[in-house]
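Single-structure report; data block below.
All values below come from the heavy atoms of this structure, side chains included, with hydrogens, waters and symmetry mates left out. We number each residue from 1, following the sequence as shown.
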Amino acid sequence: MTIDQLKNLDTSKFTKAADAWSAVSNRAGAARGRVDSEMLAKLNATQKGDAATAATADLARLGRNYQYIQVECGLIRTALDGLAEELTAPQRKLKQALEDAQELKFTVKPDGSVEYPRASFATLPAPAQQQPARFGDASFLTKAADPNQAKAQEIAARIGQALQEASEIDGRYARVLEKLKADPDLNKTDWSDIAQDAEGVRGANRCFSGAKIPKDKSPKENAEWWKSLSQAERDEYAVLYPASIGKMDGLPSDVRDEANRIVLAETRLKVERELREAEANPPQSAPRYNPITGLPIQGGGAWEKWECRKKELQGQIAGMNMIQKRFDATGAEGLPDAYLLGFDAEKLGRVIIANGNPDTAEHTAVYVPGTTARLSDSEKEMDKMAALWRESRGMPGNPSVSTITWIGYDAPQSAYPGHNGDLLPEAASTSYADKAAPGLSKFLSGVQTAQGGPEGSHTTVIGHSYGTTVVGDTSMKHGLGADDVIAVASPGMLVGHAKELDAPEGHVWSEAASFGKDQVAAGGKLVGLGGGSPSSPFFTDPVGHILASRVPSDRNFGANIMQTDSNDHGGYWKDDSVSLTNQAAVVTKNYGVVKRD
């Protein structure tokens with residue numbers, strides 16, 4: 001880059017181009033919203049059959065294509081904005097150096113060397129007094145020392161540094177921008193482009209460092225940071241660091257949703273690629289079967305590791321398909337837009353998904369599932385909250401509702417002895433609840449922060465099975481901030497009375513089927529997940545089971561006992577059931593509708 005090029009560079013051309021790409025990105029985002037919220041929703045609400053199914057798949061793909069355009073154009077915008085901002089600094093350095101040279105009546109040559117008028121000293125040789133000195137030219141060394149020499153040297157160094165910085169910036173962004181283009185064959189364009197392009201822009205862009213994103217801050221602090229940014233800065237961070245933005249409690253739900261959808265799409269492509277590679281490359285030299293017994297080799301053999309990893313990848317894909325299925329179901333039976341508030345495919349996986357925008361909902365229900373909850377089996381948990389949303393919307397007063405499935409922790413995966421050889425099931429341990437509690441409390445606080453505060457929405461926290469233990473642990477150690485708490489089929493909440501929970505007095509509710517239909521409450525008592533003390537060491541329930549602690553379905557726990565018609569441990573969300581109607585009544589503050597037991 002030459003002196004004239006840098007001096008006369010109009011960085012506003014880059015910012016104007018960035019604004020144009022931003023407009024395209026925003027239009028693509030709006031188009032995706034219309035496809036999902038209007039076209040897809042109306043189609044699902046009014047049409048059924050093979051043709052409707054095919055049209056739904058096409059619209060879902062169209063929505064993802066618009067999202068692709070939105071993100072890629074956002075990356076171009078980010079690169080151009082970064083280029084303009086970074087070039088401003090060396091340009092400012094150059095102009096200041098040139099102004100200093102002009103003030104001293106120095107002459108800056110096109111190659112960056114600096115000529116300066118020699119001082120008029122009688123002691124200087126006559127030829128030296130007649131010729132201007134030129135810093136940057138080796139001949140100055142042969143001339144007598146001059147007071148302007150150091151000044152010229154300093155100006156020449158500043159000019160060289162500015163040109164060097166500008167050239168480095170220009171080259172860095174040129175390489176990135178060259179890659180920000182789609183393949184002429186659009187069939188070869190997929191989300192791997194976005195993952196690679198985002199990595200390239202992150203590497204090039206020094207203005208929007210991930211280090212500036214708050215780490216381990218409260219939802220309120222996260223929200224304040226987000227509000228302090230300009231809209232352009234928010235767009236930059238959301239595109240460059242979607243995983244960080246998507247998990248930040250306290251940010252608006254639509255922001256987290258867009259960021260997490262990017263993470264979901266990138267993760268899907270990565271997992272699908274790894275699965276294809278694994279299937280194409282099974283262990284070659286390792287023995288698969290014991291030559292003596294003929295049985296598969298156990299205990300960490302190459303084949304066992306390969307099959308376990310393949311199964312894990314298949315489970316991740318299954319879970320992501322379930323999330324996409326919920327996206328595509330918008331409009332079916334009136335179901336509102338889905339908001340993906342959290343996603344992670346690693347280990348058991350995480351998925352936090354809302355029916356309707358909780359930021360604007362009059363009533364919000366956060367559901368914490370229990371044993372066996374994980375990404376690969378998340379559909380059944382999401383279906384429960386879809387059913388609760390539909391039932392709640394039918395309550396008196398035409399309430400505005402958002403129901404959220406929070407699979408935000410590693411839930412125990414066994415409810416009975418024998419899992420991994422353990423004598424006690426994982427669900428008998430409180431360690432899972434201890435680890436889950438900080439995250440649940442922070443999420444609940446974040447929801448209320450995004451709503452504008454505790455008064456922004458009536459909040460109900462619902463726990464099912466071991467999920468109620470998580471809710472109890474969270475209440476004791478971190479707080480819930482809930483207006484109502486519903487314990488469904490609870491094995492215990494680690495407290496002995498409803499008054500010990502973080503909810504207004506009289507606003508703790510319990511549903512639990514009889515022992516013949518659901519044994520979890522009795523099992524929880526035996527392993528000590530309840531609280532309080534029995535009146536005698538051998539206190540028994542009406543059917544003779546020894547009890548060691550109180551759980552929400554016990555009368556002396558102090559919860560409002562609701563009727564239930566569930567026939568098993570998972571049947572509390574069946575359509576048109578008393579169990580579901582009771583939950584919906586509490587969620588919408590229609591307490592008079594609740595059928596009590």
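- Arg326 and Asn355 share a side-chain donor-acceptor pair at under 3.5 Å.
- Contact of the Leu98 side chain with the Ile159 side chain is registered, since non-hydrogen atoms from C-beta on lie closer than 4.5 Å.
- With a 4.5 Å cut-off on side-chain heavy atoms, Tyr339 and Ser402 do not count as touching.
- Annotation: Gln164, atom CD; neighbour count of heavy atoms from other residues, nucleotides and ligands within 6.0 Å does not exceed 12.
- Between Arg172 and Glu168 there is a salt bridge, since at least one side-chain N of the basic residue sits less than 4.0 Å from a carboxylate O of the acidic one.
- The salt bridge (Lys or Arg N to Asp or Glu O under 4.0 Å) test applied to Glu85 returns no partner, not counting sequence neighbours.
- Inter-residue side-chain proximity for Phe327 and Ile353 is flagged as met; some heavy-atom pair is nearer than 4.5 Å.
- A distance-only check finds no donor-acceptor pair linking the side chain of Asp170 to the backbone of Ala166 [under 3.5 Å].
- Remark: the Gln96 side chain and the Asp100 side chain contain an N/O donor-acceptor pair separated by less than 3.5 Å.
- Between Asp36 and Arg64, none of the side-chain N atoms (NZ, or NE/NH1/NH2) sits under 4.0 Å from a carboxylate O, so this pair counts as no salt bridge.
- The salt bridge (Lys or Arg N to Asp or Glu O under 4.0 Å) pairs that include a residue from residues 347-364 are Arg350-Asp410, where partners are two or more places apart or lie in different chains.
- A donor-acceptor contact closer than 3.5 angstrom links the side chains of Ser457 and Thr364.
- In summary, the side chains of Glu258 and Gln70 do present a donor paired with an acceptor at a separation below 3.5 Å, with no hydrogens or angles considered.
- Side chain of Asn205 to main chain of Val201: no donor-acceptor pair is present (N/O by atom type, distance under 3.5 Å, no hydrogens or angles).
- Looking at heavy atoms from C-beta onward, Glu236 lies in side-chain contact with Arg77 at the 4.5 angstrom threshold.
- Defined by atom type and a distance below 3.5 Å, a donor-acceptor pair is present between the side-chain atoms of Ser113 and Asp111.
- Using a 4.0 Å cut-off between a side-chain N of Lys or Arg and a carboxylate O of Asp or Glu, Glu199 and Arg202 do not qualify as a salt bridge.
- No side-chain heavy atom of Tyr409 sits less than 4.5 Å from a side-chain heavy atom of Lys435.
- No more than 12 heavy-atom neighbours from other residues, nucleotides or ligands sit within 6.0 angstrom of CD on Glu103.
- Asp344 has no carboxylate O lying under 4.0 Å from a charged side-chain N of Lys247, or vice versa, which leaves the two without a salt bridge.
- Looking only at atom types and distance, the side chain of Ser218 has a donor-acceptor partner in the side chain of Glu221 under 3.5 Å away.
- In terms of modelled atom types and a separation under 3.5 Å, the side chain of Gln316 and the main chain of Ala345 share a donor-acceptor contact.
- Take Trp225 and apply the ring-ring contact (aromatic ring centres under 6.0 Å, His included) test, not counting sequence neighbours, and it matches Tyr237.
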